[in-house]
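In the text below, chain A, chain B and the rest are named by the order of the sequence lines, each starting its count at 1.
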Amino acid sequence: MATDHLHIAAALDGAGWHPAAWREPAARPDALFSPGYWADLARTAERGLLDFVAIEDTFGIQSGLLGNNDPDRTDQVRGRLDALLTASFLAPLTSRIGLVPVVSVTHTEPFHVAKATATLDHTSLGRAGWQPRVSARAAEAALVGRRTVADVRRADLRDGLPSGLADLFTEAADVVEVVRALWDSWEDGAEIRDVATRRFIDRDRVHHVDFAGRFFSVRGPSITPRPPQGQPVVAVLAHRAEPYELAARAADLVHLTPGGPGFPDAAGVLADVGRAVDAVGGRAEPLRAFGDLVVVLDTPDEPARERLRRLDATAPIVSDAAVFAGSAAELADLLLGWQALGFRGARLRPAVLPDDLDRIVDDLVPELQRRGRFRTAYPEAGGLRGLLGLPTHVPNRYAHA
Amino acid sequence: MSRKQIILGAYLGGVNHHTAWWHPRAGSQIDFTTFEHTARTAERGKFDFFFLAEGLALRERAGKVFDQDIVGRPDTLPVLASLAAVTTHLGLAGTLNATFNEPYELARQLATLDQLSGGRAAWNVVTSFDAFTGQNFRRGGFLDHSQRYERAQEMIEAVRTLWDSWDGADPLADKASGRFLSRPDAGAFTIRSSQFDITGRFPVPRSPQGRPVILQAGVSPQGRGFAARSSDAIFSPYGRLPEAAEFYRDVKARAVAHGRRPDDVKILPSASFVLGDTAAEAQERHREVRQQQVTGQTALILLEQVWNRDLSGYDPDGPLPDVDPDADAPPIIQGRAFVHQDRLATVAKWRKIAEEKGLSLRELVIDQFERGPFVGTPQQVADALDDFVQNDGADGVIIGSHLVPWGLDEFVDRVVPLLQERGALRADYTGSTLRDNLGLPVPAHAAPAATAVR
C-alpha cells in the first residue's frame, strides 16, 4: 500500500454524535438497540473500505462531557448496547473491516477483558482492536458499589488531573499491560494435539503471567489461545497529559481532538503527544495518531453548514472534538493537511447516522481515491494490524526462540 | 396436541475427556467455524437452543497447567453474540459465574445479547467459591462457601431487577414530539442486599422476550428449592428413569409451592448419543468411543480428583488404589468443579462395584464416569428419548456429540426426522424468541420505578 494513503475510521454511537441526530428524517431512533441497525452501518463502512468501525461505549448511561452530569433528560438518546458484544455480532457479517469497541477498564475484570478481546479477534479472523476507557464518574462507581470515585468539576481540570483521576489512568495502563500479557500467555503453536502422549498442549508454551500491580493482581494464563493477530490493536482517545502518557505506554493508536474546544491545533496536539512519548522513555514502534472529528457533510438536498445550523437549533452540540461542516473535498483538504503534520489518519464521528456515514463512504472516500490517497480495495490478508500498517508478526514476550 | 414437545439443547463438547480431539475428523475447539457449524446444525434440527460453558482458569494438576485432553476455549458471551449473527431462531445460552461477575455488567451484557439476537438469550447461573480461580480476578476468591446460594440468589434478583428497569414503552423515540424517553428515570434502580449495594441507571431496554431465560443446576435440596423458585429451566443430573421422574416430580412440586405453574420450569438433563445401523453396531461404536475417551492415564487423573492424591504410580489395568482419599491435602486438581461430595463414601461405593463386577481401575472409570448416552439405531434412540420425555423423566435433553463439530449432524439427519414424524418435535419454528421456543410466558413487567430493597 502506498505510504501516503490516509487511514479512515468511522466511530459509531447511537443515532450519531449530534444530540439532534435522532430526529432527522433518515434516523432510526426506534432501531438503536436492534441488530439490523448495526449490521447496516458496519456493512456501509465496509463498502467504503474504511480501516475500522469504532463502537462507542460508556460504563454508565449517557450523561454529557466530564464535568457535566445530565443523565435525566428525555429529549436525547439514552441507553446503549455493550460495544464489545456489538462488535462480536458484527464479526461474521463483515469480512475485511476492523472492529474496535470501547471497553471499560475501571470497574471491570482485566481477565474478562483479555479473553473477550482475544475472542473477538478469533471470531473476526484477526480484525479486532479495542479502546480502553476510564470510568471517572461517581455514578459509574455506584453501579458496582465496590469503590468510590469522586466526581470531577471542570475547574478541577485546569491544572492537571486530580490525583484520584490520574490514578485511574495509571490503573488503565496496568489493565492494558495485563491484557497484552494474557494474549501472549499462550505461545503460537502451544496446541500440539499429540495423540501418542494424549497431550493437547505443550504446557511449557503456556505461561502464568503473575501480574501484581498497585491496583490488582492476575495469575493467568488466559483460557483463550493467542489471538490471530498476536496482539490486537489498542487505541486510546486522549485529551491531556495523563491519557497521552497512557497512550504512549500502552497503545498502538492515539485518537486526538485537534482544534476541539479548549484544545490545541493539529500541530499542537502532536507536539504534546511527542512530549508524552519522551516522558515515558520513548517507544520501539511509533504511536500512530488519528484525528477525531465530528463531521457534518453536504448532502444532495442541503449544504452542510445549513444542516449543522438546523441541528444546533434543535439541540446545540457540545463536543470534545472539533465539528467540521462542509463538502467532502473540503474535508479531504483538512485531513490531508493533518497528514502532512504527522497524523496517520482520522477517526470520523458521523454527526447523523446513517446520513453522514453514507456521505463519508460515497463522497469522501471517492474524493480521496481520486487524489490517490485512499485504498481502492482491501488487501488480501494481514488483519486490522495489516490494514493500519502495524507489524503483522508480533513477537511473543514469553517465547524464547 | 397432547404429546409433550421434546426440548432440545445442543452443547459443544469442550474442556473434558469426552470430546474426541484425537479423531481424524475432529475440528478446532477455538475457531468460530466450529461454533457456527454446530449452531447452524442445531437450528437445522429445530433445536430450542445452543449451550456454551464457561472457562475462568486453566485447570492445573499438582501445580502445573493441565495438558491432558482439551485445554483452552474462547470467551462465552462474544461467541454467542457472533452466533446471533448467523442464526435466526436458535436460543443462545451461556454459563456465567455469579461470583466473578457483577450484576450491572452481567445484566448489561446479557441484555445486549438478548437485543442482538432478537430475544434469544439465556443465562446458566453457576457460583464458585474457588480461591484458585479467584487468582485471575481483581476481587480474588473471597466468597465463603456458605454464601454461594445467597450470592447466586441475590445475583439473579439483582439482574432481573435491572432487566425490568425499563418498561415496555421506552424508548419512545418519537421524532415529532422530541421525546426519546417517556420518563427521565428509565432504567433507574437501587439494590441493597447482603451482597450488593448498587444504584444508578441501566442502559438497555427490555428485549423482545421480556428478559433472558435463566437456567440453573440443582442437585441438593437447597439447590432444587432455589432453582424451582427462580429458574426457567433446571439442568437435571438424572438421565434415566425412575430417579429422573422422581427428581422431575419433586422440582415441579417445589415450583408449584412457589406459586408457579409446573410448565414454568423445564427439566433438562444433558445427554450424549451413539448411533449405528444396527443395535449391535451402535453398541460396538459406543464401546470403542468409551475406550478411547478413558485411556489408562485419563482414568488415573479422573480418580485423582476423588482420591486427591498422586495416583500416577498405579496400574490402570490393576485394582483400584488401596489407599484412602486424602481429604485434607490441598487439591491436586485445581480449576474444575468437584462433584463428589463425600470422597470416602464414593470410594467405598466404587470398591464394592469393582469387586462385584470384577472391574479394573480403568474399567471402573469407564463404567462410572458415564453420562447416560442414548445408544442404538436412530429409531431406538428416538424411541428412548421420546419415552423418557413422555414418561416425565424430563422436558427434553441437552445433547452433544463426542465429535466436534460434525457429530451433531448425524443426530439431526437421522433422529430428528423420526421425532418430528411422531409429533414430538416441531416441524418448524413457530415463534422468534427463546421463550417462544420453550413455551415460556413473557414475564410480566415489574412495577414502574423499579426498586428492589431487601
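- For A:T123, the parts lying under 4.5 angstrom from a heavy atom of chain B are both the backbone and the side chain.
- Counting heavy-atom pairs closer than 4.5 Å to chain A, the top-ranked of the candidates B:S82, B:A173, B:P74, B:G200 is B:S82.
- Side-chain atoms of B:D174 and B:S177 include a donor-acceptor pair closer than 3.5 Å.
- Interface residue A:T58: only backbone heavy atoms are found under 4.5 Å from chain B.
- Side chains of B:Q209 and B:D114: a donor on one and an acceptor on the other come within 3.5 Å.
- Contact annotation for B:P78: both backbone and side-chain heavy atoms come within less than 4.5 Å of a heavy atom of chain A.
- With a 4.5 Å cut-off on non-hydrogen atoms, A:P25 touches chain B through its backbone but not through its side chain.
- In this structure, B:F100 has its ring center at least 6.0 angstrom away from the ring center of A:H112.
- When heavy atoms are compared at a cutoff of 4.5 Å, B:D69 approaches chain A by way of both its backbone and its side chain.
- When B:S182, B:A57, B:A85 are compared by the number of non-hydrogen pairs under 4.5 Å with chain A, B:A85 comes out ahead.
- A donor-acceptor pair under 3.5 Å is formed between the side chain of B:E43 and the backbone N or O of B:T88.
- Within the 4.5 angstrom heavy-atom criterion, only side-chain atoms of A:L32, from C-beta onward, approach chain B.
- Heavy atoms of A:T108 lying under 4.5 Å from chain B belong to its backbone as well as its side chain.
- Of the atoms belonging to B:D31, not a single heavy atom falls under 4.5 Å from chain A.
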Test log, rule side chain to side chain contact (heavy atoms under 4.5 Å, CB included), inputs B:V79 and A:T119: CA-CA 7 Å; B:V79 171; A:T119 299; 3.7 Å; yes
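- When A:E24, A:R146, A:E191 are compared by the number of non-hydrogen pairs under 4.5 Å with chain B, A:R146 comes out ahead.
- If you measure heavy-atom distances from B:A84 to chain A, the contacts under 4.5 Å come from both the backbone and the side chain.
- Residue A:R205: no heavy atom, backbone or side chain, is found under 4.5 Å from chain B.
- Contacts of A:L84 with chain B are made by side-chain atoms alone, with heavy-atom separations under 4.5 Å and no backbone atom involved.
- Looking at A:T94 and A:R127, their side chains do bring a donor and an acceptor atom within 3.5 Å of each other.
- Of the N and O atoms on the side chains of B:R120 and B:T87, at least one donor lies less than 3.5 Å from an acceptor on the other residue.
- A donor and an acceptor atom, one from each side chain of B:E154 and B:S193, are located under 3.5 Å apart.
- Counted by atom type alone, A:E140 and A:T106 present zero donor-acceptor pairs between their side chains at under 3.5 Å.
- Heavy-atom distances place both the backbone and the side chain of B:L56 under 4.5 Å from chain A.
- Only the side chain of B:E102 comes within contact range of chain A, with at least one heavy atom under 4.5 Å from a heavy atom of that chain.
- Below 30°, between 30° and 60°, or above 60°: for A:H207 and A:Y398 the angle between ring planes is below 30°, a parallel geometry.
- Smallest separation of non-hydrogen atoms from A:D204 and A:E187: O-OE2, 4.0 Å.
- Using a 4.5 Å cut-off between heavy atoms, B:Q292 touches chain A through its backbone atoms (N, CA, C, O) alone.
- Most heavy-atom pairs under 4.5 Å with chain A: of the set B:V71, B:T112, B:D67, this distinction falls to B:D67.
- No donor-acceptor contact under 3.5 angstrom links the side chains of B:T95 and B:W123, judged on distance only.
- With a 4.5 angstrom heavy-atom cutoff, A:A118 does not touch chain B via any of its atoms.
- If you tally non-hydrogen atom pairs under 4.5 Å between each of B:V204, B:D170, B:T199, B:D197 and chain A, the highest count goes to B:T199.
- Residues A:T197 and A:D194 bring a donor and an acceptor atom of their side chains to less than 3.5 Å of each other.
- Looking at A:F211, neither its backbone nor its side chain comes within 4.5 Å of chain B, counting heavy atoms on both sides.
- Ring-centre distance between B:F202 and B:F189: not below the 6.0 Å cut-off.
- The distance between the ring centers of A:F200 and B:W21 falls below 6.0 angstrom.
- Contact annotation for B:Q109: both backbone and side-chain heavy atoms come within less than 4.5 Å of a heavy atom of chain A.
- In terms of non-hydrogen atom pairs under 4.5 Å with chain A, the most contact-rich of B:A26, B:G72, B:G178 is B:G178.
- For the set B:N136, B:I198, B:V65, the entry with the most heavy-atom pairs within less than 4.5 Å of chain A is B:N136.
- Most heavy-atom pairs under 4.5 Å with chain B: of the set A:V195, A:T224, A:L143, this distinction falls to A:L143.
- A:R193 and B:Q29 form no side-chain donor-acceptor contact under 3.5 Å, judged by distance and modelled atom types alone.
- Only the side chain of B:Q297 comes within contact range of chain A, with at least one heavy atom under 4.5 Å from a heavy atom of that chain.
- Using a 4.5 Å cut-off between heavy atoms, B:V86 contacts chain A through its side chain alone, with no backbone atom that close.
- Using a 4.5 Å cut-off between heavy atoms, B:E36 does not touch chain A at all.
- Only the backbone of A:S222 comes within contact range of chain B, with at least one heavy atom under 4.5 Å from a heavy atom of that chain.
- Neither the backbone nor the side chain of A:D202 comes within less than 4.5 Å of any heavy atom in chain B.
- Contacts of A:A27 with chain B are made by both backbone and side-chain atoms, with heavy-atom separations under 4.5 Å.
- Judged purely by atom type and a 3.5 angstrom limit, A:Q229 uses its side chain to pair as donor or acceptor with the backbone of A:A128.
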